[in-house]
Amino acid sequence: MSFRRVGVLFRKETSQGTRNFLFIFAIVTPIVVSLVLSLVFGDIFSQKPKLGFVTAADSQLVSLATALDSVSTQEFSTESQLKEAVERGALDMGVVLPAEFDALVSNGDTAPLTAYIWGESLAQNRAILGVTLASLVREMTGQEIPLDIVITPLGDAEAIPWEDRLLPFLVLMAVVIGGTMVPASSLVNEKQEGTLTALTITPSTLSEVFLAKGVLGILISTLMGVLILILNQAFVSERLLLVVVLALGATLAASFGVLLGALTKDVTTLFATIKGIGLLLYAPALIYLFPTLPQWIARIFPTYYIIGPVIEIVQNGGTWSDVALDVLILVLLILGIMALLLLISQRSRRVAYA
């Protein structure tokens, strides 16, 4: 395999692909759907995350939080008033600071915090407030101080806002459409126009063609996944890990797209196939829409391992240790599809030289 030839094919794919309707469709559709749903559910124009404090003594943390434009901050006289505000949804998070809080963080000691969260608050609001507290403490001391936060959910902790339920669908749609449709449709078009055969009788191999088309799908898919998270204010923590997971998910989607294009003869058959398996592709996101369903069912579907780790990070504050097993399964799925593509390219080469 020559990476120089792959680069040439990739540049050709990029210049021609941008004029393809499906290329535009893969970029525009997730953005339009996300914006429409955000308008319907008020996510884009929602209020700032609301943070409340009760402290036995004046704290620099409260002053710093009050000065922020990105967070709405309120002080309360008693812990019972704070809890009541959290329970009725007036606050996303209420924090009780001990009188010695500032002294503890100044000395580099572990600082205990009691935090109450509204059970129906948006996951991204919780993530924003958690990151904000850690950043403010770091600003106070100029160093990382371990916070011992004891969190107590108040209100209906089982109610998941529709904004959070829809996020897996939006991200999965962005990753799957870009990763699958772009390389699959490109391959099928090349077959119908006869240019694929012309390419493979040059020094370029079918594997190099597959790789060039797959790389374009991976780039589009990853960028669209990140963009959807940004539009939904969910790209707030563990950003490097999120990009890595999205890139792996995009690789699985693009590999499947190349496989689909390699096995499909014409555009009509391609669209019929994608329509037929659409439910299977989006099943994990559809299951997440209904929290009363057993969530383990989603793990049966390969696309769960695209979206599952992303949602664990974004909505549950997960780290590498929380998603490592799912990411490993994702990598194995990618290797399995790539092995199939390698067999297809080798078989095509034997047929060509027979």
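Numbers for residues simply follow the sequence, beginning at 1.
- Hydrophobic clustering of Ile, Leu, Val, Met, Phe, Trp and Tyr side chains at less than 4.5 Å, counting indirect connections, keeps Val244 apart from Leu328.
- The backbone N or O of Ile177 lies less than 3.5 Å from no partner atom in the side chain of Thr180, so there is not a single donor-acceptor pair.
- Cluster membership for Leu240 and Val131, using ILVMFWY side-chain heavy atoms within less than 4.5 angstrom, is not shared.
- Taking 4.5 Å as the limit, some side-chain heavy atom of Ser135 sits within range of a side-chain heavy atom of Arg138.
- Checked against salt bridge (charged side-chain N to carboxylate O under 4.0 Å, His left out), Arg88 has the following partners two or more places apart in sequence or in another chain: Glu84.
- Atom CG of Leu82 is separated from atom OG1 of Thr114 by 10.0 Å, given to the nearest 0.5 angstrom.
- Put simply, CG on Leu332 and CG on Leu252 are 11.0 Å apart, with the number rounded to the nearest 0.5 Å.
- What you find for Met93 and Val86 is that their closest heavy atoms are C-CG2, 4.4 Å.
- Val258 and Leu342 fall into different hydrophobic clusters, where Ile, Leu, Val, Met, Phe, Trp and Tyr residues are linked whenever their side-chain heavy atoms come under 4.5 Å apart, directly or through other members.
- With rounding to the nearest 0.5 Å, the separation of CD in Glu312 from CG in Leu241 is 10.5 Å.
- Counting heavy atoms from C-beta outward, Leu325 and Tyr305 have side chains that stay 4.5 Å or more apart.
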Leu263/Ile344 under side chain to side chain contact (heavy atoms under 4.5 Å, CB included): CA gap, chis, key distance, verdict: CA-CA 9 Å; Leu263 298 176; Ile344 291 172; 3.9 Å; yes
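- In this structure, the side chain of Gln315 does not engage the main chain of Ile311 through any donor-acceptor pair within 3.5 Å.
- Val175 has its side chain out of reach of Met224: every pair of non-hydrogen atoms, C-beta onward, lies at least 4.5 Å apart.
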field: Leu260 vs Thr273, side chain to side chain contact (heavy atoms under 4.5 Å, CB included): CA-CA, chis, key distance, verdict
entry: CA-CA 9 Å; Leu260 197 59; Thr273 303; 3.7 Å; yes
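- Side-chain contact between Phe76 and Leu91 is present, with heavy atoms from C-beta onward closer than 4.5 Å.
- Taking all atoms of both residues into account, the shortest heavy-atom contact from Gly318 to Asp322 is CA-OD2, 3.3 Å.
- Within the structure, the ring pair (Phe, Tyr, Trp, His ring centres under 6.0 Å) test picks out the following pairs touching residues 169-188 (sequence neighbours left out): Phe169-Tyr282.
- Thr222 places a side-chain N or O within 3.5 Å of a backbone atom of Ile218 that can act as its donor or acceptor partner.
- Judged purely by atom type and a 3.5 angstrom limit, Asp266 uses its side chain to pair as donor or acceptor with the backbone of Thr268.
- Scanning both residues, Tyr304 and Pro309, for their nearest heavy atoms gives O-CD, 3.8 Å.
- Using a 4.5 Å heavy-atom threshold, the side chains of Leu259 and Ser255 count as separate.
- Residues Tyr288 and Leu166 form no side-chain contact, since every pair of their non-hydrogen atoms from C-beta on lies 4.5 Å or further apart.
- Side chain of Gln295 to backbone of Leu293: a donor-acceptor contact under 3.5 angstrom is found.
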- prompt: Would Tyr116 and Glu79 count as a side-chain hydrogen bond (donor to acceptor under 3.5 Å, both in side chains) if you check the C-alpha gap in whole Å, the side-chain angles of each, and the deciding distance to 0.1 Å?
  reply: CA-CA 10 Å; Tyr116 299 103; Glu79 185 173 344; 2.4 Å; yes
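- If you chain together hydrophobic residues whose side chains sit under 4.5 Å apart, Ile31 and Leu223 never meet in one group.
- Under the 3.5 Å distance criterion, the side-chain polar atoms of Asp92 are left unmatched by any main-chain donor or acceptor of Pro49.
- Using modelled atom types, no side-chain atom of Ser221 and backbone atom of Gly178 make a donor-acceptor pair closer than 3.5 Å.
- For residues 55-66, every residue pair satisfying the side-chain hydrogen bond (donor to acceptor under 3.5 Å, both in side chains) rule, not counting sequence neighbours, is listed here: Ser59-Asp102.
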- prompt: Taking it one step at a time, do Val54 and Leu97 satisfy side chain to side chain contact (heavy atoms under 4.5 Å, CB included)?
  reply: CA-CA 6 Å; Val54 169; Leu97 296 176; over 6 Å; no
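- The nearest pair of heavy atoms linking Phe25 to Pro30 is O-CD, 4.0 Å.
- Atoms CG and CG, on Leu51 and Leu68 in that order, are 9.0 Å from each other to the nearest 0.5 Å.
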task: Go through the steps for Lys213 and Ser186 under the test side-chain hydrogen bond (donor to acceptor under 3.5 Å, both in side chains), then give the verdict.
output: CA-CA 8 Å; Lys213 295 182 184 298; Ser186 178; 2.7 Å; yes
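- Residues Val310 and Ile306 approach most closely at CG2-O, 3.5 Å, considering heavy atoms.
- One hydrophobic cluster, built from ILVMFWY side chains closer than 4.5 Å, holds both Ile337 and Val327.
- The CZ atom of Phe256 sits 14.0 Å away from the CD1 atom of Ile334 when rounded to the nearest 0.5 Å.
- Residues Val243 and Phe235 approach most closely at CG2-CZ, 3.9 Å, considering heavy atoms.
- Looking only at side-chain heavy atoms (C-beta outward), Leu187 and Thr264 stay at 4.5 Å or farther from each other.
- The shortest side-chain heavy-atom distance between Val95 and Leu61 does not fall under the 4.5 Å cut-off.
- Rounding to the nearest 0.5 angstrom, the gap separating the OG atom in Ser34 from the CG atom in Leu227 is 8.0 Å.
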CA sep, side-chain torsions, deciding dist, call: Val176, Met181, side chain to side chain contact (heavy atoms under 4.5 Å, CB included): CA-CA 8 Å; Val176 168; Met181 292 295 292; over 6 Å; no
